[in-house]
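Read the structure below first, then the notes.
Below, all heavy atoms of this structure are taken into account, side chains as well, without hydrogens, waters or symmetry copies. First listed ligand is number 1; within each ligand, the first listed atom is number 1.
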Amino acid sequence: MKKEEKICEHCQQNFSISEEELILYKKVEIELPTLCFFCRIKLHLSFWMFGKFRKGKSDLSGESLITVLPEKTRYPIFTLTEWHSDKWNALDYGIDYNPDISFLKQLQNLQEKIPHPHQNGSKNTNCDWCDDVWNSKNCYLSRSMEECEDLFYSYRNLWVKNSIDVVICFHSEKCYDCGDCHNSYKLFYSRHSRDCINSYFLYDCRNCQNCFMCWNLRNKSYCIENVQYSREEYDKKIKSFQLGSYNSIQNYKKHFEEIAQKEAVHRQNFNFKNYNSDGDYLFDCKNCHNCNTINESEDSYNCIRGMRHKSDIDANGSWYSELIGNCSGCVNAYALKYSTWSSSRYSEYLDLCLECEYCFGCVGLKKKKFCILNKQYTKEEYESLRDKIIADMRKRKEYGKFLPYSMSTGPFNFSTSFLYFPETKKEDILKLGGYWEDINESHIEGMPTSELPDDIKDITDDIITQALICPETGWRFNIAENELIFYQANNIPLPRYHFDVRTKNQLKYLTVLKSYPYKCFYCEKDIMAYYLPEWNYQKIACEECYKQNIA
Ligand SMILES: [Zn+2]
Ligand SMILES: [Zn+2]
């Protein structure tokens, strides 16, 4: 097989498919992509909501619920429990295949009748104001987490407790405003740090305690700006820093970004313990290429935000899957193609189907076999109708493409895709058949955060009854009681922006999917690294030089 050159149907850019990719496409038995790598991810992640939390009602029982799904949906919403119950049967919605109409149009018509669960997740206690939440307890206004406890306003965390405003963190406790930090305790305003305690503004530090505004440090205590102090001097200085003041924290944040630009040495990537793999944020991977934010995976290509991939290609937001291709949000899947939110086997074009086998173009089915458009067939009927549909789809140039934007879960600007592609324009998404929602909340009343006292020590407890207005979005937010206790105990000023704005600001450093050419700061070798050129990082090091100089 020889490398193929293609033009992306969405962005019209050239892209190529490598020999290795061609081999895997063949093994997974999917059609070659018609979209470039970025447009594939963009489409896939538009099926994964990062919506604004709102109260609503079940379309089945009228029971109240809290969801990130939009107010105006193309489909009914049931509570998660109702959705999993036998109070409804997805086969009741089954339709006959009509060869005169596009199959994907028929699938969309079916999809719009099938209820959608209000929340994603299972086995949680007191996590109503959350989404994409698994085995967690007492979390509030947070998304995408597993085995977390007492988290506020956080995103994509594993095994994190008692923290606020943390994104992509692991095994940490009592942290605030951190991104990509691991095994840390009482770490504040930090990025890319591990095994750190009682520290502030750390950038790529390891095993540090009681440090402030440091970078690339290893095994240190009582350092400020990478200068060693005695314990007494350090304590004295920290006391003088006015950490409870919002204005002084803003100045420290500015300084922190200047340090990232001019002083800190940046790793070429954040890959750990991998074999023959490339991409960024890979952990414990073998033969994985062009992947991002995945762990414990092997022999996969072009996958982001996943875990335990095996021989997968173009599978995003997918966990525990094997031989799947062109899928989004599929967990526990095997030999699944062109599907979303499904844990099924040997099937194609599924949405929200659980534990199904040999199904084609179905929505919301559980434990079914040989179904097409939610109708039950015999094995023989299934096989012949499936083959006919595939032939018809080929004639219409539909077969092998992922579900279109018109079938995505909600407005693009409230999806996970917008976190990775924040520059996307409304008109471009509408042109592709997708959705967009402009929320105007200027009518909402509350206190502008500019009127808040600067220092946390001047905030009175009745602030928890006050609606605050975000200066960027005009959205209302509140300070919860336990949140205020956390800020007071840790001398942290109240936030001024809505929590979704805060999450997005943190994520912009952790969601770069494209690598850019740089020269290693030490050896001047040409390298590719996942830092946006406009961040202006001066010291980016190749893997070898980073190991030698920073370790
Ligand atoms: Zn493209
Ligand atoms: Zn180098």
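- When each of Lys26, Arg394, Lys6 is paired with Glu31, the salt bridge (Lys or Arg N to Asp or Glu O under 4.0 Å) condition holds for Arg394 and for no other.
- Centred on the Zn ion (ligand 2), the SG atom of Cys545 and the SG atom of Cys523 lie at an angle of 110°, reported to 10°.
- For the pair Arg156 and Phe170, the cation-pi test (distance below 6.0 Å, angle within 45°) is failed.
- Taking 2.8 Å as the threshold, His10 does not count as a candidate ligand of the Zn ion (ligand 1), since none of its N, O or S atoms lies below it.
- Taking the Zn ion (ligand 1) as the apex, the angle formed with SG of Cys39 and SG of Cys36 is 100°, to the nearest 10 degrees.
- Panel note: side chain Ser297, backbone His309; a donor-acceptor pair is recorded below 3.5 Å.
- For Arg502 and Tyr153, the positive end sits near the middle of the six-membered ring, less than 6.0 Å away and at most 45° from its axis.
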